[in-house]
Amino acid sequence: MVSVTRTVFGELPSGGGTVEKFQLQSDLLRVDIISWGCTITALEVKDRQGRASDVVLGFAELEGYLQKQPYFGAVVGRVANRIAKGTFTLDGKEYHLPVNRAPNSLHGGFRGFDKVLWTPQVLSNGVQFSRVSPDGEEGYPGELKVWVTYTLDGGELVINYRAQASQTTPVNLTNHSYFNLAGQGSPNIYDHEVTIEADAFLPVDETLIPTGVVAPVQGTAFDLRKPMELGQHLQEFHLHGFDHNFCLKGSKEKRFCARVYHAGSGRVLEVYTTQPGVQFYTGNFLDGTLKGKSGAVYAKHSGFCLETQNWPDAVNQPHFPPVLLRPGEEYDHTTWFKFSVA
């Protein structure tokens with residue numbers, strides 16, 4: 001059984017509209033999602049003692065989400081991740097996107113899908129958000145109709161993304177939640193044990209754009225096919241953190257992607273997806289300036305993201321999985337976040 005409760009979360013400034021919160025509750029999980037950016041603002045999971053903690057970083061009030069902040073919990077688009085120099089060519093025409101993270105365009109531009117109000121519809125076991133991204137929004141071609149559906153099933157949070165385009169356009173949608181399985185506000189994620197089911201990853205240049213090489217993980221710091229404790233691993237390989245796309249086995253079927261285990265609490269997160277990649281990001285740009293829920297301070301490495309997605313800059317790299325959506329086609333991807341204890 002899943003209950004869905006709808007409340008007002010806050011009002012956007014200068015009559016921008018009302019942001020609502022939807023609380024989804026099953027016997028194992030409680031998730032809060034707001035209509036601003038389809039953002040997950042809280043996710044409560046029990047530990048092995050049966051004590052519930054909120055395991056996502058974020059804010060208690062709407063103001064927190066309206067300030068400059070690193071996409072906590074939000075859906076990002078029209079194209080998640082980076083597009084080199086904010087340009088791409090489609091059918092002989094060059095498109096220019098906002099360069100919001102110089103020298104590249106990141107997560108849809110200055111006003112991506114994370115910074116708009118979505119239209120909600122309550123379902124029996126969740127909530128569906130929809131919007132129409134107009135032709136030319138943030139420089140992207142064609143009108144795009146988008147539906148993002150969150151449903152709960154026991155210990156599993158399921159996110160489905162669908163889109164239809166009036167004109168050929170790149171589309172790549174993901175959720176940018178930052179997790180800390182010890183509970184949000186815990187100082188770091190070094191005691192988390194991470195496994196990523198990927199035989200290859202994408203090396204990047206100094207601006208975090210993939211070089212184009214699809215590199216085997218074998219014998220590198222990126223071989224996470226067997227569980228490794230994050231803190232120890234970063235130290236051993238002298239890594240500043242991860243912010244890389246891992247290449248998953250190509251197919252549109254649901255497949256295992258990653259597992260994170262926190263020994264202290266017993267919490268386990270398993271991620272399954274239909275997407276061809278996952279960006280593993282260890283919160284390298286968090287710097288302690290943002291104050292979150294219950295007075296938490298979000299320092300470097302205090303949360304991790306597993307952003308299931310197409311590969312970064314795919315629109316400029318023809319040998320990457322196809323990222324273009326054409327009229328008459330449907331973009332349809334699903335990611336499953338499965339919580340348990342061990």
Side-chain angles (χ1 to χ4, degrees), residues 4 6 12 16-22 24 33-40 65 71 73-81 83 86 88 90-91 93 95-98 100 105-151 157-177 252 254 273-277 307-312 314-315 321-336:
V4 183
R6 182 177 193 164
L12 291 170
T18 302
V19 177
E20 293 182 283
K21 179 176 93 173
F22 299 83
L24 282 41
I33 307 150
I34 60 171
S35 54
W36 178 255
C38 305
T39 302
I40 297 172
Y65 292 100
Y71 307 94
V75 164
V76 290
R78 182 177 298 196
V79 174
N81 217 301
I83 293 178
F88 63 91
L90 189 50
D91 301 329
K93 185 179 171 192
Y95 290 89
H96 293 272
L97 310 172
N100 60 319
S105 189
L106 175 69
H107 294 327
F110 286 112
R111 189 168 181 261
F113 289 5
D114 60 302
K115 295 179 185 69
V116 290
L117 195 56
W118 292 64
T119 303
Q121 186 191 342
V122 172
L123 310 173
S124 62
N125 59 342
V127 59
Q128 180 176 77
F129 298 99
S130 61
R131 79 175 294 251
V132 176
S133 169
D135 178 18
E137 182 174 61
E138 294 296 295
Y140 287 97
E143 183 182 272
L144 189 73
K145 293 183 172 140
V146 194
W147 298 265
V148 178
T149 309
Y150 291 88
T151 50
L157 173 63
V158 186
I159 313 179
N160 171 259
Y161 306 88
R162 283 173 46 233
Q164 294 165 358
S166 70
Q167 214 179 310
T168 303
T169 178
V171 179
N172 187 19
L173 305 174
T174 191
N175 179 282
H176 209 301
S177 286
K252 281 283 178 80
K254 174 181 182 178
T273 190
T274 59
Q275 289 277 22
E307 303 158 63
T308 52
Q309 55 175 26
N310 201 329
W311 302 1
V315 73
V323 71
L324 297 178
L325 179 68
R326 293 178 170 83
E329 300 175 342
E330 183 166 78
Y331 176 96
D332 188 350
H333 277 290
T334 306
T335 295
W336 293 259

Between [X] and [Y], is there a donor-acceptor pair closer than 3.5 Å when you use the side chain of the first and the backbone of the second?
X: W311; Y: P276; result: yes
X: H176; Y: G73; result: no
X: S35; Y: L117; result: no

Checklist entry - F129 and F113: aromatic ring centres closer than 6.0 Å? => result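 Not under 6.0 Å, so no.
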Next on the checklist: Run the side-chain contact (heavy atoms from CB on, under 4.5 Å) test on L157 and I40 for me, step by step, so that the C-alpha distance in whole Å, both residues' side-chain angles and the decisive distance to 0.1 Å come before the verdict.
Outcome noted: CA-CA 11 Å; L157 173 63; I40 297 172; 3.9 Å; yes
Looking only at non-hydrogen atoms, find the nearest pair between [X] and [Y] and report the distance.
X: V4; Y: S124; result: CG2-O, 4.0 Å
X: V116; Y: R131; result: CG2-NE, 3.5 Å
X: V148; Y: C38; result: CB-SG, 4.2 Å
X: L324; Y: P170; result: CD2-N, 3.8 Å
X: L325; Y: A163; result: CD2-O, 3.6 Å
X: N100; Y: G109; result: ND2-O, 3.1 Å

Next on the checklist: Pair V146, Y161 - check side-chain contact (heavy atoms from CB on, under 4.5 Å), show working.
Outcome noted: CA-CA 7 Å; V146 194; Y161 306 88; over 6 Å; no
Item to check | Set of residues satisfying side-chain hydrogen bond (donor to acceptor under 3.5 Å, both in side chains) with respect to N310, sequence neighbours excluded | outcome: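 By the side-chain hydrogen bond (donor to acceptor under 3.5 Å, both in side chains) rule, N310 matches no residue at all.
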Item to check | Option from T335, T151, T334 for which side-chain hydrogen bond (donor to acceptor under 3.5 Å, both in side chains) with N160 holds | outcome: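 Looking at T335, T151, T334, the match for N160 under the side-chain hydrogen bond (donor to acceptor under 3.5 Å, both in side chains) is T334.
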Under the rule for salt bridge (charged side-chain N to carboxylate O under 4.0 Å, His left out), what residues qualify as partners of [X], not counting sequence neighbours?
X: K115; answer: none
X: R326; answer: none
X: E138; answer: none

Checklist entry - So do the side chains of W118 and I33 get within less than 4.5 Å of each other, counting heavy atoms only? => result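 W118 does not reach I33 side chain to side chain.
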Next on the checklist: Would you say that I34 contacts Y65 through its side chain, given a criterion of any heavy-atom pair below 4.5 Å between the two side chains?
Outcome noted: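 A side-chain contact exists here, since the closest heavy-atom pair is under 4.5 Å.
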Checklist entry - Got a sec: does the NZ of K145 have more than 12 other heavy atoms crowding it under 6.0 Å? => result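 No, because the 6.0 Å sphere around NZ of K145 holds 12 heavy atoms or fewer from other groups.
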Next on the checklist: Which residues pass the ring pair (Phe, Tyr, Trp, His ring centres under 6.0 Å) test with H333, not counting sequence neighbours?
Outcome noted: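 Partners of H333 under the ring pair (Phe, Tyr, Trp, His ring centres under 6.0 Å) test: Y331.
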Checklist entry - Which side chain to side chain donor-acceptor pair (under 3.5 Å) pairs, counting each pair once, include a residue from residues 164-175, with sequence neighbours left out? => result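 Checked against side chain to side chain donor-acceptor pair (under 3.5 Å) - neighbours excluded - the pairs reaching residues 164-175 are R78-T169, Y150-N175, Q164-E330, N175-S177.
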Item to check | Parallel, tilted or perpendicular: ring planes of Y95 versus F88, cut at 30 and 60 degrees | outcome: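 It falls in the parallel class, under 30°.
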